[in-house]
Amino acid sequence: MTLDSKIPDGPIEKKWFEHKFHMKLVNPANRRKYKIIVVGTGLAGSSVAASLGELGYNVLAFSYHESPRRAHSIAAQGGINAPKNYSNDGDSVYRLFYDTLKGGDYRAREANVYRLAEVSGSIIDQCVAQGVPFARDYAGYLDNRSFGGAQVARTFYARGQTGQQLLLGAYSALIRQMDAGSVKFYERREMLDLVVVDGKARGIVARNLLNGKLESYSADAVILATGGYGNVFYLSTNAKASNATALRQSVLYADPSDMHSCHR
Amino acid sequence: MNAFFAFINSSVGKKILMSLTGIFLCTFLVEHLAGNLLLLKKDGGEAFDAYAHFMGGNPIVRTLEIGLFAIILIHIINGTFIWFSNRRARDKRYASYKLEENTTFQSRMMAVSASLVFVFLVVHLAKFWVPARILGEQNLSSLVYATFRQTFFVVFYLVALVVLSYHLRHGFQSAFQTLGWKTKRYGGLIEFIAVLFWLVIPIGFAIIPLYIYFYGGSAVAMMR
Amino acid sequence: MSESLRNDGRVWVPKKKGDTRNPKDIPESERDYYLERQYPSFGNLVPRDVASRRAKEMCDNGFGVGASKMAVYLDFADAIKRLGKEAVFQKYGNLLDMYKQITGEDPYTTPMRIYPAVHYTMGGLWVDYNLMSTIPGMFVLGEANFSDHGANRLGASALMQGLADGYFIAPYTVSDYLASNKFNAVSTDAKEFKDAENSVTATINKLMGIDGKKTVDEYHREFGKVMWDYVGMARNKEGLKKALTLLPKIRAEFWKNVKITGNAHEINMELEKAQRVADFMELGELIAMDAMNREESCGGHFREEFQTEEGEAKRNDKKFSYVAAWEYKGPGKKQVLHKEDLDFEYVKPTQRSYK
Amino acid sequence: MKIHLKVWRQKDQNDGGRFVDYTASNVSPDMSFLEMLDIVNIDLVKKGETPIAFDHDCREGICGSCGMMINGRAHGPGRGIATCQLHMRSFQDGDSVVIEPWRAAAFPVLKDLMIDRTSFDRIMQAGGYTSAKTGGIPDGNAILIPKPVADEAFDAAACIGCGACVAACPNSSAMLFVSAKVSQLALLPQGQAERTTRVQRMIAQMDEEKFGACSNTYACEAECPKQISVTHIARLNREFIAAQF
């Protein structure tokens, strides 16, 4: 098996822009014909389910929690980075890209990291629009603080509950789509197997945690947003239910030894 | 009309109705007390009787009186309705429930104090309102003086006023909370005005039977 | 506790080994603000892999504080003096309250005692630029994929990556995938679904049928302790070797001796936990194997044999500038390593310095 | 420490349920209440019995999963904490502790101390959001929000949806929960477009879920782990009245 990262050509600041243009689109009228499964409704899962639902796809979202609002993204306290340079201390997309790559000790893909830095500004705008109460100064402007591994103040925060507030933002986007009928949420379901048909991911088998019944769901694409595996180390700040079960597939684990520590 | 029905039928709408009727009844108390204080005048009840006569004869007042009864009824029926639906909201009781650590005595006793006030109201109407309005009693002051010379009625009224005070201690500020006026800025002011209703007014009412019982009786007798 | 506390909190240990005095009684001159001393330009704001390692080092060398001696102080006294208690409360109030509830100590008056713990995993499922895994049609987002943080994640970037993937990347790439492929309707009655259901049922029945002596929690703790001790913040060949002999033993014992009560047709949290722990065990071994294979130090992966004179992670870009992706070959079988080389066109790798 | 427990055990939704006595020995004062239950559960499993089911996750007081009635108090003794933040140092050696699930018609018991709080999600679904679309959003600083307003909105947004307000309320009313969201979005400029329909729909859904009416006892505020103020309920009421015009 060869690993093709499919990184687009061109200068780094143009890669994502060009790639977006060259990607194929689904006609808005045809989108409802596609079914997409999203497993996990933390930050990544809720936000993608909401965004795909809004585009018009038929989304089935699964969580082993009773509600998307319980996901462990909630426990991230410190803040979220974005190179808005509101603090006028010389921040830029390139500097965030540089800091992230350096902070990661040069073991990440340049193109991915650049794209992350590039879109991160829009995340702040998105969250503000959802009503996330970021810290503000007296004039009403967004406030920033500094954070480990950077010499600029680019971290946006909501007291010490940034993760919770961002998750509630994504959750609100998700329930809006549930209200609109484009996303159907399945609570207390744990994905136990991925189903591959003709070489393509086409569904999942999940256990209904309330009655133990196995339930199968088919779709045209499956998105896993199932979080990390920090609980492999019993001594972890991760929530008790943070798990790796859904990851157990004949796919590749990359850099599994890079685990991460923080202050407790 | 549909929107109004939905509004009044919602749990918050019912509470708002409760608040509005409650506040109206509070204003009635002010008027009622002002009139009754005429009983303290040492004129053998003349001023009070004139007042009672005016209230009984004036068609506008009589119409308002019907409104008053309607509002009392709405307050009672609506309150009962809310009480029952609140009971249903908890299908199974707690084995251990320390509500007293989180709430005031008055707030827990609203249904009880309401029931007691209702009992009082029935006695009160039977004692004074029925003779005055239905049986055509002209000399209401004498009836009052006679009643409050009896120890039983004085004690009964005092107890009722204490219960009413408790009901208003929670009810008055609660009405403003339900109407959304108990904000950080005006909460203090509302608590301040509330003192008038749960303390000053009940004391005002209490003075009348006490005064008659201890002093008024002889004073009136001397005038006659 | 959150890393953000290091913004205004100062990290220190007593200069004297095994100092048991109350922190308030230790004068300034006898405190070692070691992060500020060792990293004058970043000070308390060094990345978390560095801060964690230094804290561990301080404790390992006998400078740890508290009853367990496995903690360092994080002190807000200066910040409170400079900004006032109210300002500190505004910024960190709920974190400090949380600490107070856990420990019963007031962080506004007594320095907090902190120690590193696992918090986030940088590794994950391999995905391409479109966030698609090696299985067509399966996308992986957020912490579950490996892609953006490298060997160490900067603070305040986890939330960023989760939302970037979800709002602004996957909606485009998933659409592209759907538009580029043809899909026949697949019913959940298809053989592939039935097979998957049967294999899941078999695993559940197997777990329920063991009826051994030890609880899932006990295995999790036992396994986790081996992971923490030998595959944790600092690793070496000997330790990893030991872990790789201990871990399979624990796993084998788990499958013979775990006890799960109740049945599989009701709410059964023990069964749920058992399934997760069974997976952790396979994954834990893989982590150890990968750590063994990567003979260099980088970010959160710290091999004691590979460090600079100053005790920092020493990379070996010649040999290990690649993403290690392991192919799962079925239970009990050895995973196969695939490599994706990392090219650096814009930012040339240098020795990280936060001095 | 030794603690005597009286725990509500209920097999499933249809089971009548009953109290069962347990003893937790070797409890250290530094343990959290949930860690104490973990120990009881390990003993139960060893004895071949089913462990006590209770919801829990982050154990840092932020996810809102845990919650139980402990000696007649939502989240147990103490103020401003969730069950996971309650520590055994709040009890004395030999104490008796009664543990029950939240009781409300809108929160059916699933098993033991686990309840179904999806009614909260259905209320949120009825309007607890802004209609922000993904992308195409103005810059975060294009909307100025003065600090006092942002702070007050935050106070409301701090709700973790644990249900303690409902559990503590003598009427099982969800007004504090609903008001937290309505108040947050009513304060912020982003929430203005749906201000009217939001409050009407959310209250209608709250009533449909069979939560009780608020009688302003303020038991909710007293037991809220995030100490959300009842002034938000006042704002909810104001919003509801204003929505009629």
Side-chain angles (χ1 to χ4, degrees), chain B residues 3-4 6-20 78-79 81-111 114 170-187 190, chain D residues 6 8 17 19 69-74 77 97-106 108-109 152 166-175 178 199-200 203-204 206-207 210-223 229-231 233-244:
Chain B
F4 179 75
F7 169 70
I8 216 67
N9 212 25
S10 71
S11 61
V12 181
K14 286 199 196 87
K15 291 297 301 183
I16 287 167
L17 187 60
M18 212 59 195
S19 305
L20 292 174
N78 189 40
F81 205 90
I82 292 173
W83 187 82
F84 272 109
S85 68
N86 282 352
R87 294 278 294 184
R88 272 200 307 274
R90 176 157 294 146
D91 43 356
K92 199 167 170 68
R93 318 263 113 199
Y94 289 113
S96 164
Y97 188 34
K98 297 214 179 98
L99 195 55
E100 67 278 7
E101 290 185 22
N102 296 324
T103 56
T104 60
F105 176 74
Q106 305 86 295
S107 69
R108 293 194 300 278
M109 287 297 134
M110 281 307 268
H170 177 73
F172 188 81
Q173 58 81 33
S174 178
F176 286 89
Q177 165 77 3
T178 300
L179 293 175
W181 296 354
K182 218 181 151 207
T183 56
K184 277 189 187 124
R185 191 176 296 169
Y186 293 112
I190 287 163
Chain D
K6 203 180 196 28
W8 183 259
F19 279 102
M69 210 67 176
I70 299 166
N71 276 348
R73 292 275 307 275
V97 179
V98 182
I99 310 174
E100 297 170 80
W102 291 163
R103 297 276 188 213
V109 175
E152 199 170 351
V166 176
C169 176
N171 313 323
S172 301
S173 168
M175 284 288 273
V178 179
V199 65
Q200 290 179 327
I203 286 181
M206 175 183 92
D207 290 347
K210 304 272 179 278
F211 287 103
C214 175
S215 58
N216 305 326
T217 65
Y218 310 143
C220 49
E221 180 185 79
E223 293 289 40
S229 161
V230 292
T231 53
I233 298 186
R235 181 172 291 110
L236 168 75
N237 291 333
R238 225 158 46 233
E239 292 291 314
F240 189 63
I241 294 168
Q244 308 309 317

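Predicted model only: the values in this text are computed from it and were never measured. In what follows, chains are A, B, ... by sequence order, proteins preceding strands, each numbered from 1.
Of the atoms belonging to Ala204(D), not a single heavy atom falls under 4.5 Å from chain B. Heavy-atom distances place no part of Ala74(D) under 4.5 Å from chain B, backbone and side chain included. Using a 4.5 Å cut-off between heavy atoms, Tyr218(D) contacts chain B through both its backbone and its side chain. Heavy-atom distances place the backbone of Pro101(D), and not its side chain, under 4.5 Å from chain B. Interface residue Cys169(D): only backbone heavy atoms are found under 4.5 Å from chain B. Of the atoms belonging to Arg108(B), not a single heavy atom falls under 4.5 Å from chain D.
Looking at Gln177(B), its side chain does come within 3.5 Å of a backbone N or O of Val230(D) through a donor-acceptor pair. Between the side chain of Arg103(D) and the backbone N or O of Arg90(B), no donor-acceptor pair lies under 3.5 Å. Looking at Tyr97(B), its side chain does come within 3.5 Å of a backbone N or O of Ala168(D) through a donor-acceptor pair.
Other residues, nucleotides and ligands contribute more than 12 heavy atoms inside 6.0 Å of the CZ atom of Arg93(B). Surrounding OH of Tyr186(B) are at most 12 heavy atoms belonging to other residues, nucleotides or ligands under 6.0 Å away.
Between chain D and the options Ala95(B), Ser96(B), Ser174(B), heavy-atom pairs under 4.5 Å are most frequent for Ser96(B). Top candidate by heavy-atom pairs under 4.5 Å with chain B, chosen from Ala105(D), Gly212(D), Ser173(D), Ser229(D), is Ala105(D). Among the candidates Cys220(D), Ala167(D), Pro108(D), the residue making the largest number of heavy-atom pairs closer than 4.5 Å to chain B is Ala167(D). Heavy-atom pairs under 4.5 Å with chain D peak, among Thr103(B), Asn102(B), Thr183(B), at Asn102(B). Each of Ala242(D), Cys214(D), Ala106(D), Pro77(D) has some count of heavy-atom pairs under 4.5 Å with chain B, and the biggest count is that of Cys214(D). Highest contact tally toward chain B, considering only Glu100(D), Arg238(D), Met69(D), is held by Glu100(D) [criterion: heavy-atom pairs under 4.5 Å]. For the options Gly187(B), Ser107(B), Gly171(B), heavy-atom pairs under 4.5 Å to chain D are most numerous at Ser107(B).
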Next item on the list: List the steps, then state whether side-chain contact (heavy atoms from CB on, under 4.5 Å) holds for Phe240(D) with Lys15(B).
Entry: CA-CA 12 Å; Phe240(D) 189 63; Lys15(B) 291 297 301 183; over 6 Å; no

Check: Does the pair Asp91(B) and Lys210(D) meet the rule for a side-chain contact (heavy atoms from CB on, under 4.5 Å), with working shown?
Finding: CA-CA 10 Å; Asp91(B) 43 356; Lys210(D) 304 272 179 278; over 6 Å; no

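Listed in order of number, the residues of residues 81-88 of chain B that approach chain D to under 4.5 Å between heavy atoms are Ile82(B), Asn86(B), Arg88(B).
Within the model, atoms NZ of Lys182(B) and CZ of Arg235(D) stand 14.5 Å from one another, a figure rounded to the nearest 0.5 Å. Expressed to the nearest 0.5 Å, how far CG of Leu99(B) lies from CZ of Arg73(D) amounts to 10.5 Å. Distance CD1/Ile203(D) to CZ/Phe7(B): 9.5 Å, rounded to 0.5 Å. Summarising the geometry, atom OG1 belonging to Thr178(B) is positioned 7.5 Å from atom CE belonging to Met175(D); distances are rounded to the nearest 0.5 Å. Rounding to the nearest 0.5 Å gives a distance of 5.0 Å between CD1 of Ile241(D) and CG of Leu179(B). Note that CD of Glu101(B) and CD of Glu223(D) are 8.0 Å apart. Values are rounded to the nearest 0.5 Å.
The shortest non-hydrogen separation linking Asn237(D) to Gly180(B) is CB-N, 4.1 Å.
Qualifying side chain to side chain donor-acceptor pair (under 3.5 Å) partners for Asp207(D), counting only residues two or more places apart in sequence or in other chains: Ser11(B).
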